[in-house]
Amino acid sequence: MEKSRILSGIKPTGRLHIGNYFAMMRPAIQWQEKGEALYFIADYHALTTLRDPAKLREYSGLVARDFLACGLDPSKAVLFRQSDVPSVTELAWLLSTVTPMGLLERCHAYKDYLARGIPPSHGLFAYPVLMAADILIYDSDIVPVGRDQKQHIEVTRDIAVKMNETFGEIFKLPEPSILPDVAAIPGLDGQKMSKSYDNTVELFLEEKALKKKIMGIVTDSTPVESPKDPAHSSILALYRLFASAPEVSQMENEFASGGVGYGDFKKRLFAAIWEYLAPMRARRAGMDPGHVEEVLQAGARRANQLAAQTMARVRRAVGL
Ligand code: TYM
């Protein structure tokens, strides 16, 4: 039986955060053992919101380095920059010729921009079509993502069906893989952790900066001695990701019984995060930038090989 192909991407619009790690990077790293995995830095997509060339280059390098530090193994998975495979934009064009406007008008990211009064660019409107091209050009079977990307995978499937109906069976239909426990990780203010809400906890902060962020988590004004609401606490939600099961039960019990203040809980959360990330921090500190670039270039060669096979098939099918 052929190995399944696993694919996902991450935008280099800032430093990687805990939401990215638990929803996408950690599962992606686990998937590398189970099939042919391809992961890329979505720099074309980042350009829909980031217009600072120096920053784009810096963040792209950091995402690659951090992904490797977190355990991505380049002997098992392919890591590359989206823009090193320019044929993906050709496929995006071909897909856009069959993509109904209405399908894109229904997409949340686009509607959010409209709701916030920001005039969306054509790139933002067409964002899901490029994402479909990313997925379909590598004949991907499984796409590990957080819940916010679910709709985009559905759009990808719709576009693939349209292409297949129009031009014959060109594409297989990918499935999202969304882990329920980490589908939407809250940020410091309880909303979804997101660079656009400025509520992120980055993976590789300095000790002091991390402590400051954690101590700054927004809490209600329940006094120390009183029981606290476990359901809406980002402290507890984040602690569950980093602490052991007995540590989590202890904190849950102390939330219920009262007698421990939020400050104490935050200190424990900080310590758990700091310890959890220690091996990755060590790997990151020892990483040679030359090695990162070599990994990306080898990744680009493999990704281009696969993309070329698909593009030959697609060009033939549409009549080019
Ligand atoms: P991006 O860069 O916004 O996010 C990368 C991954 O992290 C997940 N994520 C979260 N999951 C749970 N809780 C959170 N608070 C949280 N914040 C981020 C996202 O769901 C995502 O899986 N459009 C994609 C990049 C992309 C892509 C693709 C992904 C481009 N082409 C093709 C898969 C396949 C994005 O903006 O991810």
Side-chain angles (χ1 to χ4, degrees), residues 5-29 31 37-50 56 59-60 62-64 66-67 70 78-83 85 88-89 91-92 95 107-110 112-113 123-124 126-157 159-160 174-203 234 237-238 240-241 303 307:
R5 198 163 286 158
I6 302 118
L7 171 118
S8 197
I10 193 156
K11 263 184 313 193
T13 44
R15 289 171 180 253
L16 294 172
H17 58 70
I18 289 173
N20 298 139
Y21 177 71
F22 283 99
M24 184 272 194
M25 296 164 67
R26 193 173 66 162
I29 289 164
W31 275 110
L38 295 122
Y39 304 123
F40 65 93
I41 299 155
D43 48 4
Y44 282 142
H45 276 113
L47 279 166
T48 56
T49 54
L50 178 65
L56 182 59
Y59 291 146
S60 295
L62 281 173
V63 169
D66 292 356
F67 220 144
C70 287
V78 178
L79 179 68
F80 62 102
R81 275 179 289 251
Q82 185 184 29
S83 61
V85 188
V88 77
T89 61
L91 181 58
L95 301 182
C107 286
H108 304 308
Y110 172 68
D112 282 356
Y113 266 74
L124 202 87
Y127 186 112
V129 183
L130 180 57
M131 216 171 130
D134 290 326
I135 296 169
L136 299 175
I137 204 166
Y138 303 110
D139 287 321
S140 313
D141 299 292
I142 297 155
V143 187
V145 285
R147 193 184 290 142
D148 60 355
Q149 298 299 315
K150 185 167 183 266
Q151 189 185 33
H152 288 151
I153 317 288
E154 286 160 6
V155 169
T156 300
R157 291 171 61 94
I159 295 176
E175 295 285 346
S177 165
I178 301 171
L179 301 180
D181 290 348
V182 291
I185 291 169
L188 295 171
D189 57 0
Q191 294 190 79
K192 186 194 99 168
M193 186 176 290
S194 164
K195 290 159 231 174
S196 25
Y197 301 149
D198 196 22
N199 64 358
T200 52
V201 180
E202 289 74 16
L203 286 175
S234 351
L238 294 176
R240 287 194 184 102
L241 300 171

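As the structure lists them, so they are numbered: ligands from 1, and atoms in each ligand from 1.
By the salt bridge (Lys or Arg N to Asp or Glu O under 4.0 Å) test, Asp66 pairs with Arg284, sequence neighbours left out.
Of all atoms in ligand 1, listed by their number and element, those nearer than 4.0 Å to a heavy atom of Ile10 are 2 (O), 5 (C). Of all the atoms in ligand 1, the ones that sit under 4.0 Å from a non-hydrogen atom of Ile135 are 32 (C), 34 (C). Of all atoms in ligand 1, listed by their number and element, those nearer than 4.0 Å to a heavy atom of Met193 are 14 (C), 15 (N), 16 (C), 17 (N). Per-residue contacts place Val145 under 4.0 angstrom from the following atoms of ligand 1 (heavy atoms of the residue considered): 22 (O), 33 (C).
With hydrogens and angles disregarded, no donor-acceptor distance shorter than 3.5 Å links the side chain of Gln191 to the backbone of Tyr197. Using a distance-only test at 3.5 Å, with no hydrogens or angles considered, no donor-acceptor pair links the side chain of Thr48 to the main chain of Leu124. Listed for the Ser194 side chain is a donor-acceptor partner under 3.5 Å among the backbone atoms of Ser196. Side-chain N or O atoms of Asn199 include one that pairs as donor or acceptor with a backbone N or O of Lys192 at under 3.5 Å.
When only interatomic distances are considered, the shortest N/O to N/O separation between Gln82 and ligand 1 does not fall below 3.5 Å. Annotation: Gly9 places no N or O atom under 3.5 Å from an N or O atom of ligand 1; distance criterion only. Close N/O approach between Val143 and ligand 1 is not found [any backbone or side-chain N/O within under 3.5 Å]. Where the criterion is an N or O separation shorter than 3.5 Å, residue side chain and backbone included, His152 fails it with respect to ligand 1. Taking only nitrogen or oxygen atoms, main chain and side chain alike, Gln149 reaches within less than 3.5 Å of ligand 1. Remark: ligand 1 and Asp134 share an N or O pair separated by less than 3.5 Å (distance only, no angle test). Residue contacts with ligand 1: Asp148 is placed with a nitrogen or oxygen under 3.5 Å of a nitrogen or oxygen of the ligand (distance criterion only).
Nearest protein neighbour of atom 22 (O) of ligand 1, counting heavy atoms only, is Gly146 N, 3.1 Å. Nearest non-hydrogen protein atom to atom 2 (O) of ligand 1 is Lys11 N, 2.7 Å. For atom 10 (C) of ligand 1, the closest non-hydrogen atom on the protein side is Gly19 O, 3.7 Å. Closest to atom 18 (C) of ligand 1, if we only count protein heavy atoms, is Asn20 ND2, 3.4 Å. With hydrogens left out, the protein atom closest to atom 32 (C) of ligand 1 is Met131 CG, 3.5 Å, a heavy atom. Atom 11 (N) of ligand 1 has as its closest protein heavy atom Ala23 CB, 3.0 Å.
For Ile185, heavy-atom contacts with ligand 1 shorter than 4.0 Å involve the backbone as well as the side chain.
Nearest-residue assignment for atom 23 (N) of ligand 1 (options Tyr127, Tyr138, Tyr197; heavy-atom criterion): Tyr127. Nearest to atom 30 (C) of ligand 1 by heavy atom, out of Met24, His17, Lys192, His45, is His45.
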- Task: Please lay out, stage by stage, how Met193 and Leu188 fare under the test side-chain contact (heavy atoms from CB on, under 4.5 Å).
- Result: CA-CA 7 Å; Met193 186 176 290; Leu188 295 171; 5.9 Å; no

- Query: Can Met24 and Leu16 be said to form a side-chain contact (heavy atoms from CB on, under 4.5 Å), step by step?
  - Reply: CA-CA 11 Å; Met24 184 272 194; Leu16 294 172; over 6 Å; no

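Two residues are said to be in side-chain contact when any heavy atoms from C-beta on lie closer than 4.5 Å; Ile41 and Phe67 fail this criterion. No side-chain heavy atom of Arg26 sits less than 4.5 Å from a side-chain heavy atom of Cys70. In this structure, the side chains of Pro12 and Leu56 come closer than 4.5 Å at one or more pairs of heavy atoms.
To the nearest 0.5 Å, the span separating CG on Leu38 from CD1 on Ile6 amounts to 8.5 Å.
Each ring pair (Phe, Tyr, Trp, His ring centres under 6.0 Å) pair with one or both residues in residues 138-157, not counting sequence neighbours, appears once here: Phe80-Tyr138, Tyr127-His152.
Listed here is the closest heavy atom pair of Ile137 and Asp134: CG2-O, 3.7 Å.
Using 4.0 Å as the threshold, Ala183 has a heavy atom nearer than that to some atom of ligand 1. Under the 4.0 angstrom criterion for non-hydrogen atoms, Phe22 is not in contact with ligand 1. Using a 4.0 Å cutoff on heavy atoms, Val182 counts as a contact of ligand 1. Close to ligand 1: Ser8, with a non-hydrogen atom less than 4.0 angstrom away.
In the model, Asp43 has a side-chain atom that pairs as donor or acceptor with a side-chain atom of Ser83 under 3.5 Å.
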